[in-house]
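Structure first, commentary second.
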There are 2 protein chains.
Amino acid sequence: MDSRKRTILQALTENYISSAEPVGSRTLAKKYNLGVSPATIRNEMADLEELGFLEQPHTSSGRVPSDKGYRFYVDELMSRAPIGYQLRERIRSTYQSRVRELEWFIHQTAKLVSDITGYPSIVLAPSWEQGIFSALQFVGMDDDRALLIMRTADGLTQNKTVSIPKELSLVQLNALAQDFSRQFAGVAIGDLQNYVLDPLSTSLLEHVELWQTVLGWFLSEGSDEERMTVAGPLSILNYPEFNDINKVRRVLGFLEQDKAVEQIVHLHPADGVMALIGSEMSIEDIQDCSVVTASYRIGQTVVGRVMVVGPRRMQYAYVMTVLEVVSDELSQALKWA
Amino acid sequence: MDSRKRTILQALTENYISSAEPVGSRTLAKKYNLGVSPATIRNEMADLEELGFLEQPHTSSGRVPSDKGYRFYVDELMSRAPIGYQLRERIRSTYQSRVRELEWFIHQTAKLVSDITGYPSIVLAPSWEQGIFSALQFVGMDDDRALLIMRTADGLTQNKTVSIPKELSLVQLNALAQDFSRQFAGVAIGDLQNYVLDPLSTSLLEHVELWQTVLGWFLSEGSDEERMTVAGPLSILNYPEFNDINKVRRVLGFLEQDKAVEQIVHLHPADGVMALIGSEMSIEDIQDCSVVTASYRIGQTVVGRVMVVGPRRMQYAYVMTVLEVVSDELSQALKWA
DNA sequence: ATTAGCACTCGATTGTTGAGAGTGCTAATA
DNA sequence: TATTAGCACTCTCAACAATCGAGTGCTAAT
């Protein structure tokens, strides 16, 4: 892999990323002054194809980077785009708000990223189950309804409006909640269910079913439901590789399923900004896509990810820079705990 | 418009709704035993076309109902589909839950309707601005954050986590909130902003900007943001009239805009179940769609709508029945106030 | 090692043709 | 007078052939 091959691969990849058309030897020779003739480039391209970095859609059309080609481009060739002042300010100002709600941050982030990059974006919220339980509290709303608030050690909260069981008063409920909080503070929320209630606390034992119900609300409905936020899914339609209605169906369908996206994270749990190219994800529905993902934190712990989904010929350099900055700023903004 | 024309229009419409193919005279004569020959039907169809009920995609293809034709079919010809026992039960059971959160009901409804009908559905939540203000309350979360709860006379609540201004304590905030609640209970939330704060209450006057901020949160971010819920948008891709990527873009794009949908409601604010066919809505992006909409209530007041968007050849009878039942059950479930 | 030259391949575009579905009109029929 | 059989006509669609052009691989010359 000599330096000329590298130059050619880089030029070809960048040209294809911006044009979406297979790139021929003549085009390369003309646009980038490589100092060699098309014929030479043809030879080099033939070599690059043999090495697996390029592909030909059909005999005698230009070449296109293979997944391996993109990978090499991202890892070795591409120069990371610098972030502009205006863009950085735009990102910062998004998070300057008095609202202190996780959900709000998640939504804003998703919109922002999709807007800036022009690709669909996904933001994965902190997994509720992995949070550390801290306290439970009831606030009366009216005669038969109460607001139930759960808090984690990170300072995250979630609340639900529920109907009060007839046999209990609000005061009793809160007494129970205090008991409960004292007993289980520090336990991971996902594990709460498995804990046998401490036989010493008679007040809790009497109401085992109640606590099961309460936990059920937070665990099932509260967490999974809103864990994933997608913004700008339709921007995928702007890219010519998705002119086929079936591809559109597969990609948009994929973006609708919460679970599918978690697969990606599961398979590639690395920290920081990372690109996943086409088949590297081994998920059929998005074979024609690449994903760039970045993690964000609350305090020191990685709690969620920001992702961008686009065609394989994604603007990797730009998107990776944006995600780096966004996930940084988001982590900063979430330092409220 | 004699009875034979009516029969033919009905048969043709129903055939087209289920086949999506222009219907010819031979097909009609064969499938529905009308007792006349294709030639006669051709004459009748020519008449129906002249009257504006039918259209021909091109000379010598079968006919297709025009918007006027669908309108006549919906108003005069179609027999309302009865609802099955199982379906009714499915709808009922959806609303049997201890969760008492408006948002939850809205989401469930949207999913349910899209699932049952096979078309995208939209649910419009009660307009927060039109609710009657009842009370405001702060609940402390930790040192610098509080949960702000607003309640309407209908029993709806909305809450936000906010950071506490440094110069105020939680106790002070709640004293102010009580003052505020006493003074403005009964006022429409949308009007709150316009009220000059009562000069008698000195405690309030001191913190005018604070209340402006508080109101700002509820009015701008809280209300519009989540007013519209869409479920199952991709089911539109199952219908052959949306094989064209540009039509898909327009319809899905329309479904993404909150504001556009409110246009429909604005133009056709009628109560009860209603079908809007193609050009009747005069919204370009959904010229090729029909919409069925139904209103639901909290108590006696209509507060929102459930809508289904589909191709013009929608299964009107079925969808209208479903929406009637769903909006009924939803209204029942919301009778908690 | 590079490059000019050239034959060759393959997709995309255009034009042609034939089949099929459906019509409108006319003349015959009940 | 209303209906119908018959027929010529129109229009779409699929299949096929012809042409064009971008781009290649190979060979021979530099």
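Worth knowing before you read on, the calculation uses all heavy atoms, side chains too, and leaves out hydrogens, waters and symmetry mates. All chains are named by letter (A, B, ...) in the order of the sequence lines, taking the proteins before the strands, and each is independently numbered beginning at 1.
- A side chain to side chain contact (heavy atoms under 4.5 Å, CB included) with A:Tyr318 is found for one member of A:Leu323, A:Leu87, A:Ile83 and no other, namely A:Leu87.
- Note on A:Asp115 versus A:Arg90: salt bridge recorded, some NZ/NE/NH1/NH2 to OD/OE distance being below 4.0 Å.
- Note: B:Tyr316 and B:Tyr70 have tilted aromatic rings, judged against thresholds of 30 and 60 degrees for the angle between ring planes.
- Rounded to whole angstrom, the span from the CG atom of A:Leu34 across to the C1' atom of C:dT2 amounts to 14 Å.
- Going from atom CZ of A:Arg63 over to atom P of D:dA22 covers 18 Å, rounded to whole Å.
- The separation between A:Arg26 atom CZ and C:dA4 atom P is 13 Å, rounded to whole Å.
- Residues B:Ser295 and B:Arg305 bring no donor and acceptor atom of their side chains to less than 3.5 Å of each other.
- Put simply, CG on A:Leu12 is 13 Å from C1' on D:dG23, counting in whole angstrom units.
- Looking at every heavy atom in both residues, B:Tyr73 comes nearest to B:Glu14 through OH-OE2, 3.0 Å.
- Stem regions for DNA chain D, each three or more consecutive Watson-Crick or G-U pairs with both distances under 3.5 Å and listed by first number, read C:1-30 with D:1-30.
- Between A:Arg313 and A:Tyr119 the shortest heavy-atom distance is O-OH, 4.4 Å.
- The phosphate of C:dT2 (OP1 or OP2) has a side-chain N or O of A:Arg4 nearer than 4.0 angstrom.
- Across all their heavy atoms, B:Arg312 and B:Gly278 have their closest contact at CD-CA, 3.8 Å.
- Between B:Glu21 and B:Val64 there is no side-chain heavy-atom pair separated by less than 4.5 Å.
- Rounded to whole angstrom, the span from the OH atom of B:Tyr16 across to the P atom of C:dG22 amounts to 14 Å.
- Applying a 4.0 Å cut-off to non-hydrogen atoms, the residues of residues 37-61 of chain A that approach DNA chain D are A:Arg42, A:Met45, A:Gln56, A:Ser60, A:Ser61, listed by residue number.
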